[in-house]
Amino acid sequence: MKVLFVAGFGPISRDAETTQHFYAEVLGLPLTGEDGYYHSDQVDGCKHFALWPLSQAAESCFGHERWPDNLPVPQGWLELDVEDIASATAELRQQGYQLLVENRLEPWGQRVTRLLGPNGLLVGITETPWMRG
């Protein structure tokens, strides 16, 4: 698997209002958004920084707003853009990782495979066309 860049990073929040206040008001990050998902493409060193509500992460992975009780609740998310998502997905599957989403095309044009990393991060292996130079 060849990782090209970090496509995005941020905390996963159970309390969107408190999280947004801390990152936007206290730390002064230039975040915009709605429905608890606040983001910015203007934080140097990260192509996309976002506050992602747990309910939306669950919806993205499982199709409903409740995170399953049998899985650790992630505290953050990390997306790594790879050269070839199909082979990266196959490699992760062959190594025995439990994939929550496999090579899915999102409505906004990004392809993603998601899994929980060993440290509790929700990890996305992605192909994000508009971020590639």
Self-check item: Validation row: Leu4, Met131 side chains within 4.5 angstrom (heavy atoms)
Solution: no
Practice problem: For atom CG of Asn70, decide whether the heavy atoms of other residues, nucleotides or ligands shown that lie under 6.0 angstrom number more than 12. | Solution: yes
Exercise. Mark yes when over 12 heavy atoms from residues, nucleotides or ligands other than Glu25 sit less than 6.0 Å from its CD; otherwise mark no.
Key: yes
Self-check item: Residues, nucleotides or ligands: over 12 heavy atoms within 6.0 Å of Phe5 CZ
Solution: yes
Exercise. Answer with yes or no whether the hydrophobic clustering places Phe22 together with Phe9; edges join I, L, V, M, F, W, Y residues whose side-chain heavy atoms lie under 4.5 Å apart.
Key: yes
Exercise. First locate atom OG1 of Thr128, then atom CD of Gln110, and finally report the distance between them rounded to the nearest 0.5 Å.
Key: 4.0 Å
Quiz item: With no hydrogens and no angle check, is any side-chain donor or acceptor of Glu83 less than 3.5 Å from a backbone partner on Lys2?
Solution: no
Self-check item: Whether Gln20 side chain and Gly33 backbone form a donor-acceptor pair below 3.5 Å
Solution: no
Quiz item: What are the two closest non-hydrogen atoms of Gly109 and Pro129, and how far apart are they?
Solution: O-CD, 3.5 Å
Exercise. Applying side-chain hydrogen bond (donor to acceptor under 3.5 Å, both in side chains), run through Thr126 and Asp81 and close with a yes or a no.
Key: CA-CA 5 Å; Thr126 64; Asp81 229 60; 2.6 Å; yes
Quiz item: Would you say Ser40 and Thr32 make side-chain contact, with heavy atoms under 4.5 Å?
Solution: no
Self-check item: salt bridge (charged side-chain N to carboxylate O under 4.0 Å, His left out) partner of Glu79, the single match among Arg114, Arg111, Lys47
Solution: Arg114
Quiz item: Just by distance, with hydrogens left out, do Glu106 and Trp108 show a side-chain donor and acceptor under 3.5 Å apart?
Solution: no
Self-check item: Minimum heavy-atom distance Arg132-Val82, with the two atoms named
Solution: NH2-O, 2.5 Å
Quiz item: Heavy atoms, side chains only, cut-off 4.5 Å: are Leu122 and Trp67 in contact?
Solution: yes
Self-check item: Heavy atoms from other residues, nucleotides or ligands near CD of Glu17 exceed 12 (cutoff 6.0 Å)
Solution: no
Quiz item: Can you find a pair of side-chain heavy atoms, one from Phe49 and one from Pro11, that are under 4.5 Å apart?
Solution: yes
Quiz item: Taking all non-hydrogen atoms of both residues, which atom of Ser13 and which atom of Thr19 are closest, and how far apart?
Solution: CB-OG1, 3.1 Å
Quiz item: Under 6.0 Å from the CZ atom of Arg66, do we count more than 12 heavy atoms belonging to anything else shown?
Solution: no
Quiz item: When rounded to the nearest 0.5 angstrom, what distance separates CD in Glu91 from OH in Tyr97?
Solution: 9.5 Å
Exercise. Report yes if the side chains of Val112 and Ile125 come closer than 4.5 Å at any heavy-atom pair, otherwise no.
Key: no
Quiz item: CD/Gln56 to CD1/Ile12 distance, rounded to the nearest 0.5 angstrom?
Solution: 10.5 Å
Self-check item: Distance in Å, His39 NE2 paired with Leu29 CG, rounded so as to fall on 0.5 Å steps
Solution: 13.0 Å
Quiz prompt | same_hphob_cluster(Leu31, Tyr37) at 4.5 Å side-chain heavy-atom cutoff | solution = no
Quiz item: From Glu102 CD over to Leu115 CG, what is the distance, rounded to the nearest 0.5 angstrom?
Solution: 10.0 Å
Quiz item: So which heavy atom on Pro68 is nearest to which on Phe62, and how close?
Solution: CD-CE1, 3.3 Å
Quiz item: Linking I/L/V/M/F/W/Y whenever their side-chain heavy atoms sit closer than 4.5 Å, directly or via other members, would Val6 and Trp77 fall into one cluster?
Solution: no
Exercise. Please tell me if the side chains of Leu71 and Leu100 come closer than 4.5 Å, counting only heavy atoms from C-beta onward.
Key: yes
Quiz prompt | Residue pair Ser60 / Arg104, side-chain heavy-atom distance below 4.5 Å | solution = yes
Quiz item: Within a radius of less than 6.0 Å around CZ of Arg14, do more than 12 heavy atoms belonging to other residues, nucleotides or ligands occur?
Solution: no
Self-check item: Joint cluster assignment, Leu92 & Leu116, ILVMFWY side-chain distance < 4.5 Å
Solution: no
Quiz item: Looking at CD1 of Ile85 and CG of Leu80, how far apart are the two atoms once the value is rounded to the nearest 0.5 Å?
Solution: 11.0 Å
Practice problem: State yes or no: do Leu121 and Val73 share one hydrophobic cluster built from I, L, V, M, F, W and Y residues joined by side-chain heavy-atom distances below 4.5 Å, directly or via other members? | Solution: no
